[in-house]
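Heads up: the structure comes next, in structure tokens.
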Amino acid sequence: MSRVVAESVEALPRSGGRRTIAVGVDGSEAAARALDWAVEHAAASRAELVVVGRSQSVDRALSVERARVVDRARVVGRFVPGGPDELRALECDTLVVGSRGEPFHGLAAAAENPERQLVVVRGLPRLATGVVTAAVGGVSDRAVLRAAAQVCRARAARLRLLHLHLHFGGVAEVGEPDNTPLRHATKYLRAIAPDLEPTNLLDRRAPHEAFGAPSTDLLIIGRGYGGSVGRVAKTAFYHSACPVLLA
């Protein structure tokens, strides 16, 4: 895996213009979980929420959700009729889909857009660890770390840097491990978000075992070469015990 290349960077700003989060719903339970996550994330990050769905049952559900969004989460939200094609074509900063159902079938096309983040909400019981995990050691480490810093600040979460090091003798959480990807990631994070103090984790387990362990609220992972969804990212989408954000 390639490492983060050192260069001069500016600190990540603490706030900016309003971001847009889009979520696809199709009446499935998995899509309902994705909608719940999107509402929470939009509220935490002060982003506009766009819900895309169709059918009368979904329309009724969205009417109920509109009241919940406005009254409970205080999210600026709008609702757009449509299916996967409309969802993929929508301009947004973050696209949220469930792990089952119609929107998930458009995963490949949606994930190929490097201009936006993709979140797949796994249909597992919600965790509450207060930890966000950023997987580093790939070609997209900088995007991963910037996304992680933004999420941690919005949610007041602790940050863990994870490197899957298959030849490391066990699992060890330490302050400054002798591992190049983690050391470079820590250095870059210090430059863009000096207020965050991450812990570092080296894990020798196979990706599906490491991602399946319920130890974090959100896993952030990078794209593969050429901006496509790499093998490790696909493993996270199908085996993670928590929502996965592709940066």
Side-chain angles (χ1 to χ4, degrees), residues 12 14-53 58 60-80 87 90-104 107 110-111 116-135 144-160 193 196 211 214-221 236-237 240-247:
L12 190 69
R14 291 180 176 272
S15 62
R18 183 181 293 277
R19 298 173 63 83
T20 301
I21 297 172
V23 57
V25 296
D26 63 355
S28 67
E29 185 177 350
R33 290 194 180 98
L35 182 58
D36 284 342
W37 190 92
V39 169
E40 271 192 15
H41 191 62
S45 56
R46 299 180 181 179
E48 179 186 17
L49 178 65
V50 181
V51 183
V52 180
V58 172
R60 287 195 296 271
L62 294 185
S63 296
V64 174
E65 191 60 31
R66 177 189 292 275
R68 189 167 76 88
V69 167
V70 174
D71 295 339
R72 187 176 72 85
R74 296 183 180 178
V75 173
V76 175
R78 55 190 171 99
F79 302 85
V80 179
L87 183 65
L90 192 67
E91 292 187 7
C92 62
D93 299 294
T94 303
L95 176 63
V96 182
V97 297
S99 59
R100 297 287 190 276
E102 193 174 37
F104 190 65
L107 171 62
R116 63 185 174 195
Q117 300 171 349
L118 174 71
V119 177
V120 176
V121 179
R122 296 278 299 160
L124 299 177
R126 183 177 302 178
L127 305 176
T129 65
V131 175
V132 169
T133 297
V144 168
L145 293 169
R146 292 182 71 86
Q150 291 171 344
V151 172
C152 284
R153 284 174 170 174
R155 293 175 169 255
R158 303 186 304 277
L159 176 61
R160 174 191 295 136
L196 297 179
F211 296 150
S215 60
T216 186
D217 294 341
L218 178 68
L219 173 65
I220 302 177
I221 198 162
F237 286 148
S240 175
C242 66
V244 179
L245 187 154
L246 181 71

Taking only residues two or more places apart in sequence, or in another chain, which ones meet Arg155 in a side chain to side chain contact (heavy atoms under 4.5 Å, CB included)? Trp37, Glu40, His41, Ala44, Val151, Ala157
Applying side chain to side chain contact (heavy atoms under 4.5 Å, CB included), can you list everything that pairs with Val144, at least two apart in sequence or on another chain? Ala134, Ile220, Ala247
Whether Arg158 side chain and Thr129 backbone form a donor-acceptor pair below 3.5 Å: yes
I'd like to know if the side chain of Ser28 reaches the main chain of Ala31, judged simply by a donor and an acceptor atom lying under 3.5 Å from each other, with no hydrogens or angles considered. yes
Closest non-hydrogen atom pair, [X] against [Y]:
X: Leu196; Y: Ala149; answer: CD1-CA, 3.6 Å
X: Arg160; Y: Ser215; answer: NH1-O, 3.4 Å
X: Ala154; Y: Ser45; answer: CB-CA, 4.0 Å
X: Pro243; Y: Val119; answer: CB-CG1, 4.4 Å
X: Leu159; Y: Cys152; answer: CB-SG, 3.7 Å

Output all residues satisfying side-chain hydrogen bond (donor to acceptor under 3.5 Å, both in side chains) with Ser240, sequence neighbours left out; order by chain, then residue number. none
Heavy-atom side-chain contact between [X] and [Y] under 4.5 Å:
X: Thr20; Y: Val50; answer: yes
X: Val23; Y: Leu49; answer: yes
X: Val52; Y: Leu90; answer: yes
X: Ile21; Y: Val96; answer: yes
X: Cys242; Y: Asp217; answer: no

In sequence, state the C-alpha distance, the side-chain angles, and the governing distance for Ile221 and Phe211, and then conclude on side-chain contact (heavy atoms from CB on, under 4.5 Å). CA-CA 11 Å; Ile221 198 162; Phe211 296 150; 3.8 Å; yes
Taking side-chain contact (heavy atoms from CB on, under 4.5 Å) as the criterion, tell me which of Gln117, Arg116, Arg46 meets it with Arg19. Gln117
So among Thr133, Val132, Val120, Leu246, which one has a side-chain contact (heavy atoms from CB on, under 4.5 Å) with Leu219? Thr133
Would Leu218 and Leu245 count as a side-chain contact (heavy atoms from CB on, under 4.5 Å) if you check the C-alpha gap in whole Å, the side-chain angles of each, and the deciding distance to 0.1 Å? CA-CA 7 Å; Leu218 178 68; Leu245 187 154; 4.2 Å; yes
